[in-house]
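Structure first, commentary second.
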Amino acid sequence: MEPLVDAFVARQQQLIAAELDVELAEVEAVQRQSTPSQLQRRGLALRALVPTARRTGLGGKAIVTFELGFGPGTRGDGRLPAHTFRVGDIVRLEPDGSAPGERSAARQHAAAKQAAAAAAGSGTSPPPDTDASGVVIRVNDRSLVLAFDEEPDVVTECDTTRRGGGGLRMLKIANRTTYHRMTTAMAALGQFVRHEGAHALVCPPGLVDVLFGRAAPRMGAVPPLDAVAWTDPGLNGFQQTAVARALAAEHLFLIHGPPGTGKTATCTELIRQLVQRGQRVLVCGPSNISVDNVLERLEHRPPRAAAASRAGSSAASVKLGLVRVGHPARVIPVVRQHTLDARLGTSHGGGLVQDLRAEMDGVLAKIQKPKHRAERRDLWREHRTLRKELRVREARAVEEVLAESQVVLCTLSGAATRVLRHSAFDVVIIDEIAQAMEAECWIAIAKAKKVILAGDHCQLPPTIKSDTKAKAKAKAMLRTAPAGDGPPGRDTATERAVQDWASMTLETTLFDRQRRLHKAHLSTLMTRLEIQYRMNEAIMGFSSRQFYDGKLQADASVRDHVLADLPGVARTELTTCPLLYIDTSHAGMDEAREADENDALGTESRLNHGEADVVVARLAALVDAGVAPDQIGIITPYAGQVGVLKDRVLDEFPAVEISTVDGFQGREKEAILLSLVRSNDTGEVGFLSDTRRMNVALTRARRHLCVVANGACIGSRNAFLAQMVEWLEAEAEIEYAS
Ligand SMILES: Nc1ncnc2c1ncn2[C@@H]1O[C@H](COP(=O)(O)OP(=O)(O)OP(=O)(O)O)[C@@H](O)[C@H]1O
């Protein structure tokens, strides 16, 4: 077991370090190759900012508002120029007079290397942070609000020199926190199997054995479906089976949820059932939105349950103690009252904390008034003392809130936050598992006795920047790996597995690994949900056949639904057609290349103006028929084509959502226009050849999917795409573009 896990940990750490390297190199390249004005024009920097307000946030964080002061880029009306800063971005502030990234890039690189080295060793020491980095927590057209652990000197100094010139420049920097947390989680796993004392894992050895294939997953007695008091009586048989088996599983259970099959609804029921049984649950996902989706469902009882309880059904309303850990600014507004911050505000210990924060704000206000250096130093000292006290009281109040909460929700990376350091759970549920890197999952797994994974490996994996390089390296390693005996102490199975790690990339998810590892037990270890509630039956056909053994069923409520059934939509040929294929094969609509000017590594994207014309005409026809623009999505695999379409569409129809396929995973619209772009003489299809990307693309529409493509090109060399074109030709209404 030990060499097996050690090799896994080493490989993961190597992959994480490579990914961080690429991320840092990207940021560094952009910053080094551009002047501050160029960076600002590209939305990657904001210049001439000055701090205009300060307050104290959770954990004594310094919350500082920045507005435009003076100097280059200011326009006089106080509005910020167009920029790409978003809530959650990590940014650095530096005096606007210095060269961009002058100090930072080299420092970041050194810090990253140090972090990797530290984590590979003890796994506990955090990477040194760049001095003036903060997190964007609010953005509007005149200001940005940043949170800092402690107010950086450049910010404080900026105040004193405000009337003398200067100001601050804000630049995006790579977010190293998640990488560090992943490396630390891996190091802890290594220590756990070596029985070293310092690790932070509470999960039982049996769980680790199962997750590494050293023990078969065991199942207790599965409760008969009619013996369970369902809180949502509308769940279908697959969903109920998944919940019942997940309850019975001893260490591990997998829920496979194809598009629209109610995976989140199933997880929600499972959480309620676990809470009814007195269990404490940690609910995680790779992104904030994946977590908030579950929270939103947990908070609102499904209409099906409400109706049933009015009719006197046994559907119990389980009172859940919920808390969402994570910064309130990154949480969707409807669930904000469940954030730890909001819960602290109303808790018993929260009052004292509020008083202390107010006191700290008072000191901050005094610091801002012009003073001698010595006076300001004293005030900062006072501020620090108050912050120490605040942290102690806050920790107590947080413990109280957490103790009252049976369900804690956070991102996978968020499970590493200080407030959850001592928390342990009976079960961790990871939603959207196929989008999560395995090392990230271990941050949460470390805290629980049992793991439930829910996702769909037939959709896109996590986005990995270093992947191409990593894959090539992995292949090379496999080629050079000795075929014979391994090092002493490794049995053959371990050796095989260790060599397997060499082919592992960050795209290899925990879900993938478990499915492969426990192939023989999949029929009991995993339940696939097979009734979908999104697509007209005509839309789901190809996806069902290719990815789900032809087993997907459309629920009666969606089987035949078309746009014409929506209020205000005229009944026309177009609005009664669920699947339309516009073949551009003979229309001379050739693809073009475009260098992505936001991509410092010089990646090229593709676009197709001819296809864009077709899409724009179809969009107009849908809107003319009465389909609301916000119910229409335009998706395409290429960022270049997204740009072309946005330029053509958004002025007239700002509510239409235009996105890459990758960016639309997890979303749906009543009507989807899909532009596949590739159109060339050689049949090159680029990353259309990733079947998972095509699966996502074809399964976003509820009532109408229009595919615009050069079928002759995309189907000429790629067998999967040829089958897709065949399906479209057989099942869709066909139009030929000219
Ligand atoms: N048993 C059910 N009966 C009726 N509607 C259901 C049922 N289960 C789920 N739904 C509905 O199906 C839709 C999709 O459900 P949900 O969001 O849980 O699916 P998902 O699998 O998480 O989706 P995604 O494909 O985005 O991952 C929702 O509108 C939900 O209310």
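Each ligand, and each atom within it, is numbered from 1 in the order the structure gives. On a predicted model such as this, the values are computed, not experimentally measured, just so you know.
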Taking 4.0 angstrom as the limit, do [X] and [Y] come out as a salt bridge?
X      : Y      : result
Asp292 : Arg324 : yes
Glu507 : Arg692 : yes
Asp549 : Arg528 : yes
Arg702 : Glu668 : yes

*By number and element, which atoms of ligand 1 are closer than 4.0 Å to a non-hydrogen atom of Gly234?*
1 (N), 2 (C), 3 (N)

*asked:* Distance under 4.0 Å to a non-hydrogen atom of Asn236: what atoms of ligand 1 satisfy this?
replied: 1 (N)

Short N/O distance, under 3.5 Å, between [X] and ligand 1?
X      : value
Gln239 : yes
Tyr533 : yes
Pro259 : no
Gly257 : no

*Can a non-hydrogen atom of Arg297 be found less than 4.0 Å from any atom of ligand 1?*
yes

_Just to check, does Glu668 reach to within less than 4.0 Å of ligand 1 when the distance is taken from its heavy atoms?_
no

*Heavy atoms, side chains only, cut-off 4.5 Å: are His518 and Leu254 in contact?*
no

*Please examine the side chains of Val323 and Leu402, heavy atoms only from C-beta on, and report whether any two atoms are closer than 4.5 Å.*
yes

*Nearest heavy atom to atom 18 (O) of ligand 1 wins, so pick from Gly455, Ala454, Ala265, Ser557.*
Ala265

_Flag for Asp512-Thr509: side-chain donor and acceptor within less than 3.5 Å_ = yes

*When you look for heavy atoms under 4.0 Å from ligand 1, do you find them on the side chain of Arg534, its backbone, both, or neither?*
side chain

